[in-house]
Amino acid sequence: MCGTCGCGDENGGTAGTRVTVLDERAAAAQGHDHGHDHGHPHEHSRPAPDHETVTLEQRVLAKNERLAERNRRWMAARGIVAVNLMSSPGAGKTTLLERTIGELAGSRPLAVVEGDQETRLDAERIQRAGCPVAQVNTGAGCHLDAEMMREALTSLSPAQDSLLLIENVGNLVCPALFDLGEQSKVVIISVTEGTDKPRKYPYMFEAADLIVVNKTDLLPYVDFDVERCERYAREVNPDVRVLGMSATTGEGLADWYEWLAGQK
């Protein structure tokens, strides 16, 4: 289980997880050998005593780390670079992905894994943008994990040398705990959320390789201090890079694309 929300199980999966590919090319390749053992969904258990909860959490995270390392090796062998996008709901992850797909099309193969508790709404947006996408519905789960990622990779079968963009479930707590096998973690915060987010959710911002401050076009209309937010972020992650941008207007996106190009 996840020690924060209790949404996982000892086998590293989450009850009710579904993976759907919204791309004909990828769907045809679902049968390829990924080289991973298949897990099975399990029912949620009753809360355990504290010492048992800690032990179970350690087991879950240890298994997740093993699966994440397999994912990492599998992607590395194919030249796939994976970037895990994490944020609270509504920070603009999907809009940023749509813009990125449109403007980087043709420069390298792109693929997307979409994580949501329910619906295919975001995956359908990505498909309309012209990118192969696998939708992972986590049910009651509040984050993606390495087992879900393995299933998505098997279903999606990204092309050699792809840039794989992962939109995690909207949540500023649990996704930071679960390695998916990605090369980099990006935390997106919008100016509509609040300057103090890095102090309130330090583990998420500590895990970040990049912090994106999105929706900067709204700064004249909201109470958000970019410099103070960046200072708070550096209290927990001194060397992290911070980019300001508006995925809607395109302001600051050149720096985002430069950062993506540097991910190997």
Side-chain angles (χ1 to χ4, degrees), residues 22-23 80-116 120-135 158-159 161-170 172 175 182-195 197-198 204-205 208-234 237 240-264:
L22 277 67
D23 178 71
I80 298 169
V81 174
V83 177
N84 186 1
L85 306 182
M86 304 175 291
S87 78
S88 59
K93 296 188 301 296
T94 311
T95 300
L96 178 57
L97 286 177
E98 288 176 312
R99 188 92 185 216
T100 300
I101 291 164
E103 297 189 1
L104 294 187
S107 62
R108 68 185 297 182
L110 297 173
V112 172
V113 173
E114 276 288 346
D116 273 310
R120 301 178 186 175
L121 296 174
D122 287 349
E124 289 168 355
R125 288 173 60 180
I126 297 303
Q127 185 184 33
R128 287 194 296 269
C131 187
V133 55
Q135 174 73 61
D161 300 322
S162 289
L163 173 61
L164 178 63
L165 299 171
I166 307 160
E167 181 172 353
N168 217 312
V169 179
L172 280 178
E182 73 272 32
Q183 277 70 33
S184 303
K185 290 180 170 66
V186 177
V187 174
I188 301 173
I189 178 174
S190 72
V191 302
T192 58
E193 295 179 60
T195 301
K197 278 292 191 293
M204 176 64 75
F205 287 86
D209 297 292
L210 176 72
I211 296 172
V212 169
V213 179
N214 192 27
K215 305 186 183 181
T216 53
D217 54 307
L218 299 181
L219 280 171
Y221 313 106
V222 296
D223 181 16
F224 188 93
D225 188 325
V226 175
E227 291 184 0
R228 187 150 53 94
C229 181
E230 182 172 347
R231 185 167 69 250
Y232 290 160
R234 294 190 191 284
N237 194 343
V240 71
R241 186 175 179 186
V242 180
L243 298 180
M245 71 172 62
S246 168
T248 300
T249 68
E251 175 189 1
L253 283 177
D255 291 334
W256 164 244
Y257 298 143
E258 180 184 6
W259 183 86
L260 284 177
Q263 303 308 298
K264 306 295 184 183

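Computed over heavy atoms, backbone and side chain alike; hydrogens, waters and symmetry mates excluded. We're numbering straight along the sequence, starting at 1.
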With heavy-atom distances below 4.5 Å as the criterion, would you say the side chains of [X] and [Y] are in contact?
X: C229; Y: K197; result: no
X: Y257; Y: S107; result: no
X: L172; Y: E193; result: yes
X: V186; Y: W256; result: yes
X: Q127; Y: V112; result: no
X: I101; Y: E98; result: no
X: I126; Y: L165; result: no
X: T248; Y: K215; result: no

Rounded at 0.5 Å granularity, tell me how far [atom1] in [X] sits from [atom2] in [Y].
X: I189; Y: S88; atom1: CD1; atom2: OG; answer: 7.0 Å
X: D209; Y: Q183; atom1: CG; atom2: CD; answer: 10.0 Å
X: E114; Y: I166; atom1: CD; atom2: CD1; answer: 11.0 Å
X: E251; Y: L219; atom1: CD; atom2: CG; answer: 8.0 Å
X: L96; Y: L85; atom1: CG; atom2: CG; answer: 6.5 Å
X: E167; Y: N84; atom1: CD; atom2: CG; answer: 10.5 Å

Test side-chain contact (heavy atoms from CB on, under 4.5 Å) applied to N237 and F205, step by step: CA-CA 7 Å; N237 194 343; F205 287 86; 5.7 Å; no
Contact summary for [X] and [Y], nearest pair of heavy atoms:
X: A208; Y: V187; result: CB-CG2, 3.6 Å
X: Q263; Y: S184; result: OE1-OG, 2.5 Å
X: A159; Y: S162; result: O-OG, 2.6 Å
X: I188; Y: K93; result: CD1-CG, 3.8 Å

Verify side-chain contact (heavy atoms from CB on, under 4.5 Å) between T95 and R125, making sure each step is shown before the conclusion. CA-CA 9 Å; T95 300; R125 288 173 60 180; 3.4 Å; yes
Check: F224 main-chain N/O paired with T195 side-chain donor or acceptor under 3.5 Å: no
Expected output: side-chain N168 to main-chain M86 donor-acceptor under 3.5 Å: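 No; judged by distance alone, with no hydrogens or angles, the pair does not exist.
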Stepwise, does the side-chain contact (heavy atoms from CB on, under 4.5 Å) test hold for L104 with L260? CA-CA 10 Å; L104 294 187; L260 284 177; 4.1 Å; yes
Return yes when atom CZ of R120 has more than 12 non-hydrogen atoms of other residues, nucleotides or ligands closer than 6.0 Å, and no otherwise. no
State, without any angle test, whether T192 and S190 hold a side-chain donor-acceptor pair at a distance under 3.5 Å. yes
Ion pair R234/E230, N-O distance below 4.0 Å: yes
Tell me which one of D217, D225, D223, L218 satisfies side-chain contact (heavy atoms from CB on, under 4.5 Å) with V191.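 Between V191 and the candidates, side-chain contact (heavy atoms from CB on, under 4.5 Å) is satisfied uniquely by L218.
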Mind running side-chain contact (heavy atoms from CB on, under 4.5 Å) on R108 and V81 for me, showing each step along the way? CA-CA 11 Å; R108 68 185 297 182; V81 174; 4.0 Å; yes
